[in-house]
Protein chains: 4
Amino acid sequence: MLILLRPDVTAEQQRDVEDYVRTLGYTPHVIPGTQRTAIGITGNKGAVDPEPFRLMPGVADAIAVSQPFKLVSREVKPEDTVLQLGQGLRLGGPEIIVAAGPCSVESREQILSTAEAVKASGARMLRGGAFKPRTSPYEFQGLKGDGLALLAEARSASGLLVVTEVKDTESLPMVAETADLLQIGARNMQNFSLLEAVGELRRPVLLKRGMSATLKEMLMAAEYIVARGNRQVILCERGIRTFETMTRNTFDINAIPMLKQLSHLPVFADPSHGVGVRGGIPAVARAAVAAGADGLLIEVHPNPAKALSDGAQSLTFSEFDALMVGVRAVAAAVGRSVAGG
Amino acid sequence: MLILLRPDVTAEQQRDVEDYVRTLGYTPHVIPGTQRTAIGITGNKGAVDPEPFRLMPGVADAIAVSQPFKLVSREVKPEDTVLQLGQGLRLGGPEIIVAAGPCSVESREQILSTAEAVKASGARMLRGGAFKPRTSPYEFQGLKGDGLALLAEARSASGLLVVTEVKDTESLPMVAETADLLQIGARNMQNFSLLEAVGELRRPVLLKRGMSATLKEMLMAAEYIVARGNRQVILCERGIRTFETMTRNTFDINAIPMLKQLSHLPVFADPSHGVGVRGGIPAVARAAVAAGADGLLIEVHPNPAKALSDGAQSLTFSEFDALMVGVRAVAAAVGRSVAGG
Amino acid sequence: MLILLRPDVTAEQQRDVEDYVRTLGYTPHVIPGTQRTAIGITGNKGAVDPEPFRLMPGVADAIAVSQPFKLVSREVKPEDTVLQLGQGLRLGGPEIIVAAGPCSVESREQILSTAEAVKASGARMLRGGAFKPRTSPYEFQGLKGDGLALLAEARSASGLLVVTEVKDTESLPMVAETADLLQIGARNMQNFSLLEAVGELRRPVLLKRGMSATLKEMLMAAEYIVARGNRQVILCERGIRTFETMTRNTFDINAIPMLKQLSHLPVFADPSHGVGVRGGIPAVARAAVAAGADGLLIEVHPNPAKALSDGAQSLTFSEFDALMVGVRAVAAAVGRSVAGG
Amino acid sequence: MLILLRPDVTAEQQRDVEDYVRTLGYTPHVIPGTQRTAIGITGNKGAVDPEPFRLMPGVADAIAVSQPFKLVSREVKPEDTVLQLGQGLRLGGPEIIVAAGPCSVESREQILSTAEAVKASGARMLRGGAFKPRTSPYEFQGLKGDGLALLAEARSASGLLVVTEVKDTESLPMVAETADLLQIGARNMQNFSLLEAVGELRRPVLLKRGMSATLKEMLMAAEYIVARGNRQVILCERGIRTFETMTRNTFDINAIPMLKQLSHLPVFADPSHGVGVRGGIPAVARAAVAAGADGLLIEVHPNPAKALSDGAQSLTFSEFDALMVGVRAVAAAVGRSVAGG
């Protein structure tokens, strides 16, 4: 159920509506819009009767929401959500934002040189993992706190914003201190305790699609965050697991228009994981932008052959520079531009 | 094994090489190139010794081919194959070719009006099924011979070339009489008897990827056709079957750069089947072109709600016209143009 | 729609019902049962009105069929179909039938020794491919006519019935001359022309599930055969394609109870393709019988390491003998026995 | 690398070996066996030279381990791991253990009556969720602490051991106080922080396979737990996500023999999630036992139609009783028995 308030609603009228929702035993969620404010209702098991709401002063209409995800759906909020990621960096509007950097932060030299290079090519954000979830307990698990410090240093030196993964609630406070954008990895898409914890923050979150998550499940995971009050969620398509073995994953290009149609949240694409084979990444990056992605996440490493993780899918500085040339051209073709490009 | 002939090889020298291959019990395949001619060898179980060939007059080199697919691989033929589909219509070069039309030919009025509309929007080929493979024996199976006749009439009226599916060897002679481009459907990708039969023709073939075929299996299926002497093969990505149920299939955008890297054959994309939901098709069509597709196959119907098959994924005339505007812009962004656009 | 006739219906009354169905433009299918005869109606697009039928003499009831597959559904025929495969060999009743033999017929010595060995261990049918659909055009494609002759010889020598694959309509008459049971391979499950052709025969057909076919699609493929009048269809689960790479396919054990619940047709299991790794085959063979399979198809070879195809999943004679010991014990545990055991 | 000690090794000799491993910068893991003790080495990036170890007193041999998972592999420990779950309840030996109960603990009456009923039918453990990970934030999330208290009460009343899910590190201490067997759910199979936390306990852990986890990934997840010193890990196959929609998941029966071959750990099967359709569960339970499963996890509810979660896959008391009859017969057929049966 969604209650649309009139443009001229008073603060008191709005409060009355919220109170009435609570009286019924449900939870009201205020959803500010550019045209007008709406109030989403959750917590109901069956249908809620719209009539009493329609009769309240300040209420324009009360409508049912057909999807199981509510607050993240376009039904509830038709206009695109635009996030202010940092000074002058708005995501979800005409500008496409590119985040680039290594899979893992490995050394001061590595992260500083990469930050400088990707910035020169047009990236506006630096990606890099400090806490790395790895399939094997014997693989490199990241530099942890030291990695975060290096990311902070690279941010100061380059002016790029930092996106880095948070892998559990224990390290969340520490990661949240450094990260401008908190990444929830694919394996944690349904780690509901972690989703609830980032839902309590008022900080942008990049939610990666689980390896075998349906789009509906991904939107429900986003709903966990937004239901706690954190509206700054970015959905990220990063490839799904299929029978094809020539590529690491199958980048689900369909997901981009489908997510844009179902939800008002911005959509990122991660072609590095989505293809997993260096040669195919620039083509899929261009494709994602052509399909409507609002941002890209690209793995770049000074020397991919020596990377401690994901070397096969990391681009060199010059490969990334060439990728950006192609991305800018396609962005222009779909009426957009690349921020910082 | 691939034998590269010298640019100045004589006809007699070439014949000697071919004869020697046959003496060894193998089959020689002459592969003409713009720079020079090569001879592929198939039929060997283990490795073939390159030395005796290297010593023959007219031979530049003899090299092993690492992939299980041989004649369709880029190792064997590094330059792109360009096919002459019809007068002035070349596929695989700078121009992107769009084929559009209904899933099934349903009536004279339907196919003629569609041909006219899609031509006006920039299509150069008309698609339409006369023999329809259907999941249920009780569904509409196509107009068969009458459908072919209507396609031929629409071609005369519009000047568009015709692409239509051949579903078995029995109807192949009949379909081949009408079709400018013979389509092998996804369910028949590994119908080897049908592949061998179209391999005997000297006519362009559009080979659709099977619903759960790997890229390697698709290239092996193409090899069946080329090994019989028909080099005019087009690979077509049309979506694979995955766990996602919101879309009909998952369009494998990765397939486009991977196929272009592994093979010299032109690559088509079929976003209509790849998404299966009308709203997502234009985005995926643009994405396919951004990723390097050489052509598109789009389902268009005068009245999708009344289509006898695939209505949910058929575009109206005006939706198709809008799609073409987007496709042309992206084509330009990747340094190409749309034929007839 | 299904019309249930009264046990005391006269031949004339039945004919009147069939004629009335034809008058309406539909096709009647007589379905004999042990208790009473039914008449299925196909060819209708929407619902058929049951009332006029209910009023006809000899008619007990007329009921709607909810599934898209009709003649193969349990709604239409509640009791199990029991097929007479050969003298004294009934499939679908209490006895479980095991077919064993090599992937491909390779030589006289190979097929005769295998027939003798698998018979001694309790198999009642000999499997062996003469026409082999292979992923690569350069792989061994079977001994073709010579292979069929060797199978016939092995049958005479051993008394085993022969199951062998038919890969196209061209070779169907030849294969049908030798085969006691015609196998439609996984790649041909939706080769509708071939399904229609075997539907015209009155000969048992083993229909293998396609690599990515849903159970519903498999039942629709069986419907193609039965709708042409050939009721002797056996459904065969042989593993589906998933993301798991440690095994060749994922044997879908769920398919066995689901198919038995949805359809009256007998169900075979092919653990050799379903696992594809020798060590796992006996366990999955036992599991299939525990889940309710009516028959097994097992690959056995005198020397798997030298097999021209599928060596990794072929059992030796003694491995097969051990498998049969386990299968017999599990069959007894579920109240059945192994024919010939 | 695995160092096999001589049966007559002294405590001092063993300590010397462990110290030498640490000197090299690696971690020694003592693996007690019935015949002799072994020491696994982890933490090495490349190969470790076996020669120095072979020369040490008390060392029988030093061998390389080819699999990426080490401590859980059969290479490292050839004999089956047998776990003492409770007094007189040993898992991994000849007896098969059945855990049954509702998806969620819903009320005192519900859990007590279920415990009594499943015990009467032969179950030895009670399953029931108190902390429920749910796809939607608006669905029932379990009774939490109250649910644990009810499980403890049901244990006292029935004598059944309790298996319940732990969904995050925050609730682990609380859950560990009640659970005899800690369940890690499918969505948490790669929640590495949680795996490490249960790895610090000395308590049995049931690790469920992730929805799209390969067997190799599952074994690596188990390795995370064992590498921290907790050897009491049970692997649980619960179905994987595939394209098939008629069943909730595809139970991977192949996983059972493959896991038994690759690892020494006991293997459970969860047919309730693996099929997800009530009618198919008994057949798949029998199949799992026929394939070699050491235990079963079955959802049972007093009134499935009113269950707050998973009603469609919950059995009634009498359906469960019938299932156990079938399971006992199949267990006997494979030379085993059902504990408590």
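In what follows, chains are A, B, ... by sequence order, proteins preceding strands, each numbered from 1. Computed over heavy atoms, backbone and side chain alike; hydrogens, waters and symmetry mates excluded.
Counting heavy-atom pairs closer than 4.5 Å to chain A, the top residue among B:Ser212, B:Gly292, B:Gly239 is B:Ser212. Heavy-atom pairs under 4.5 Å with chain B were tallied for A:Gly279, A:Ala288, A:Ala213; the largest tally goes to A:Ala213. For the set B:Ala332, B:Pro282, B:Ala283, the entry with the most heavy-atom pairs within less than 4.5 Å of chain A is B:Ala283. Ranked by heavy-atom pairs under 4.5 Å with chain B, the list A:Ala287, A:Ala285, A:Gly280 is led by A:Ala287. Ranked by heavy-atom pairs under 4.5 Å with chain B, the first of A:Ala291, A:Ala331, A:Gly335 is A:Ala291.
Side chain of A:Asn254 to backbone of B:Val284: no donor-acceptor contact under 3.5 angstrom is found. A side-chain donor-acceptor contact under 3.5 Å links B:Glu244 to the backbone of A:Leu215.
Legend: residues meeting side chain to side chain donor-acceptor pair (under 3.5 Å) with B:Arg248, ordered by chain and number and at least two apart, are B:Asp310, B:Gln313.
For A:Ile256, no part lies under 4.5 angstrom from a heavy atom of chain B. For A:Lys216, the parts sitting under 4.5 Å from any heavy atom of chain B are the backbone and the side chain alike. Only the side chain of A:Met258 comes within contact range of chain B, judged by heavy atoms closer than 4.5 Å.
Taking 4.5 Å as the limit, some side-chain heavy atom of B:Phe243 sits within range of a side-chain heavy atom of A:Ile240. A 4.5 Å side-chain heavy-atom check between A:Val334 and B:Val330 finds at least one atom pair inside the cut-off.
Scanning residues 264-278 of chain B against chain A with a 4.5 Å non-hydrogen threshold yields B:Gly274, B:Val275, B:Val277, sorted by number.
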